[in-house]
Asks: 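What follows is a structure written as structure tokens; I'll ask about it next.
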There are 2 protein chains.
Amino acid sequence: MSRTPHHPTREQIELPTVLDCLSDPIRLAIVYQLAQQERVSSELCCGDFSALAGKSNLAYHFAKLRECGLMLTRVAGTNRFMRLRREDLDARFPGLLNAVINSAARDAGRLQPLFECETVGAEGS
Amino acid sequence: MSRTPHHPTREQIELPTVLDCLSDPIRLAIVYQLAQQERVSSELCCGDFSALAGKSNLAYHFAKLRECGLMLTRVAGTNRFMRLRREDLDARFPGLLNAVINSAARDAGRLQPLFECETVGAEGS
DNA sequence: TCCTATGTTCAACGCTTATTGAACTATCGA
DNA sequence: TCGATAGTTCAATAAGCGTTGAACATAGGA
């Protein structure tokens, strides 16, 4: 079995695919939470998103986010740690990710209860 | 029959809906052409997009773009003139529309032959 | 070793979407 | 008035999407 799941190269990242991925409220919430986590410069693992959907449903959305080039998955033991592909996205589509995240932040209230579950602050070793 | 088709108010424009609308290559091409046309400060009508798809299919995509708040339709005789809702979009999601259009411009080559049909320069009255 | 926790994969379902052609509506010009 | 033009609406089709639970794989700890 593949140790590390498949990721597209920077050049393989496509605009319509990225926009389609971001148009789902659950995936938008995942990206939003990953963006919050960027400021703490640590990663999140699947379980940290359990408030958003069931396990298998999350795995489905994670795969979509990975395959479209929005995020990166690192396997460590039984955990999968994830972070945004900030550099690649900014290189391919300058300003896009920030515009989306800022827009999501503005609308956090109206974007479901999905955005109210603050997950920042995991890892309390 | 309604003289003017339905448009959402500025406050009714939703981020996931807008992103979903932009994720379709044909609709992205329509928005892109409308953005080009902005610089000439004139409008385009349905027929100007006939290279992108058939008439009824275009009507479907126009309705989607209108209902999600991306564009505005003005009825004039048998024509429907359309333009981007630039002000409303910039107010709701600052930087988003420009980021998408710039990204589309960068990828114009790889985004189908849809982006090669330059339609600018209509209205030669 | 066995048990548990983490996460993926699979098949199934119901729903939405894009696309098509045909029929229809409405306006303009001769 | 008649015909042509511009665009919408409708019904039908095929393909794709999100969600679910059950089964599976893998790693870590007792």
Side-chain angles (χ1 to χ4, degrees), chain A residues 1-7 14 16-31 43-68 70-83 112 114 119 122-123 125, chain B residues 1-7 14 16-31 43-68 70-83 112 114 119 122-123 125:
Chain A
M1 300 303 131
S2 56
R3 281 241 129 291
T4 305
H6 175 258
H7 295 82
E14 304 274 1
T17 320
V18 167
L19 294 174
D20 183 50
C21 228
L22 291 168
S23 73
D24 181 278
I26 291 186
R27 290 194 292 263
L28 186 58
I30 293 172
V31 167
E43 303 158 303
L44 289 175
C45 66
C46 307
D48 295 323
F49 300 91
S50 55
L52 297 177
K55 278 186 0 171
S56 63
N57 190 216
L58 279 180
Y60 167 75
H61 288 301
F62 290 143
K64 284 240 143 188
L65 286 165
R66 206 188 318 113
E67 285 157 16
C68 88
L70 268 166
M71 72 178 211
L72 208 126
T73 301
R74 182 175 63 87
V75 179
T78 84
N79 291 304
R80 265 80 170 169
F81 289 103
M82 301 176 294
R83 62 177 189 275
Q112 326 273 71
L114 293 179
T119 318
E123 324 272 279
S125 87
Chain B
M1 300 299 131
S2 55
R3 283 240 131 289
T4 304
H6 174 258
H7 295 81
E14 304 274 1
T17 321
V18 166
L19 294 174
D20 183 51
C21 227
L22 291 169
S23 74
D24 181 278
I26 291 185
R27 289 194 293 261
L28 186 58
I30 292 172
V31 166
E43 302 158 304
L44 289 175
C45 65
C46 306
D48 294 323
F49 299 91
S50 55
L52 297 178
K55 276 186 1 168
S56 62
N57 190 216
L58 279 180
Y60 167 75
H61 288 301
F62 290 144
K64 284 239 144 191
L65 286 165
R66 207 188 317 113
E67 285 157 15
C68 88
L70 268 165
M71 73 179 211
L72 208 127
T73 302
R74 182 175 62 87
V75 180
T78 83
N79 292 305
R80 266 82 171 166
F81 290 103
M82 301 175 297
R83 62 177 189 276
Q112 325 274 73
L114 293 179
T119 319
E123 321 276 279
S125 89

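Here is the naming used below: chain letters follow the sequence lines, and residue numbers restart at 1 for every chain. Just the heavy atoms: all of them, side chains too, but no hydrogens, waters or symmetry mates, feed the values below.
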Asks: Counting only side-chain nitrogens and oxygens, does B:His61 get under 4.0 Å of the OP1 or OP2 atom of C:dT19?
Replies: yes

Asks: Nearest-Å distance, CG (A:Asp24) to C1' (D:dT19)?
Replies: 11 Å

Asks: Please give me the minimum heavy-atom distance between B:Met82 and B:Thr73, naming the atom from each residue.
Replies: CG-OG1, 3.9 Å

Asks: For A:Gly54, report the nucleic acid contact type (base, sugar-phosphate, nothing); a contact means any heavy atom under 4.0 Å.
Replies: nothing

Asks: In this structure, how many angstroms lie between the P atom of C:dT17 and the CG atom of B:Leu22, rounded?
Replies: 15 Å

Asks: Output all residues satisfying side chain to side chain contact (heavy atoms under 4.5 Å, CB included) with B:Ala59, sequence neighbours left out; order by chain, then residue number.
Replies: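 Here no residue qualifies.
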
Asks: In whole angstroms, how far is the C1' atom of C:dG7 from the CG atom of A:Leu44?
Replies: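 So the CG-C1' distance, A:Leu44 to C:dG7, works out to 15 Å.
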
Asks: With sequence neighbours excluded, what pairs up with B:Thr17 under the side chain to side chain contact (heavy atoms under 4.5 Å, CB included) test?
Replies: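 B:Thr17 satisfies side chain to side chain contact (heavy atoms under 4.5 Å, CB included) with B:Glu14, B:Cys68 once adjacent residues are dropped.
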
Asks: Please produce a list of atom pairs where a protein N or O lies less than 3.5 Å from an N or O of nucleotides 7-9 of chain D.
Replies:
residue: D:dG7; atom: OP1; partner: B:Cys46; partner atom: N; Å: 3.2
residue: D:dG7; atom: OP2; partner: B:Gly47; partner atom: N; Å: 3.0
residue: D:dG7; atom: N7; partner: B:Lys55; partner atom: NZ; Å: 2.3
residue: D:dG7; atom: O6; partner: B:Lys55; partner atom: NZ; Å: 3.4

Asks: I'd like to check the side chain to side chain contact (heavy atoms under 4.5 Å, CB included) partners of B:Leu72; sequence neighbours left out, ordered by chain and number.
Replies: B:His7, B:Arg83, B:Arg85

Asks: Mind checking what makes side chain to side chain donor-acceptor pair (under 3.5 Å) contact with A:Ser23, not counting sequence neighbours?
Replies: none

Asks: Between atom CG in A:Leu52 and atom P in D:dT19, what is the gap in whole Å?
Replies: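 Spelled out: CG on A:Leu52 to P on D:dT19 is 11 Å.
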
Asks: Considering residues at least two apart in sequence or located in another chain, which fulfil the ring-ring contact (aromatic ring centres under 6.0 Å, His included) criterion with B:Tyr60?
Replies: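 Checked B:Tyr60 against ring-ring contact (aromatic ring centres under 6.0 Å, His included); zero matches.
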
Asks: Mapping A:Ala76 and A:Ile26 to their closest nucleotides on DNA chain D, which lands nearer the 5' end?
Replies: A:Ile26

Asks: Rounded to the nearest angstrom, tell me the gap between atom CD in A:Glu67 and atom C1' in D:dG16.
Replies: 14 Å

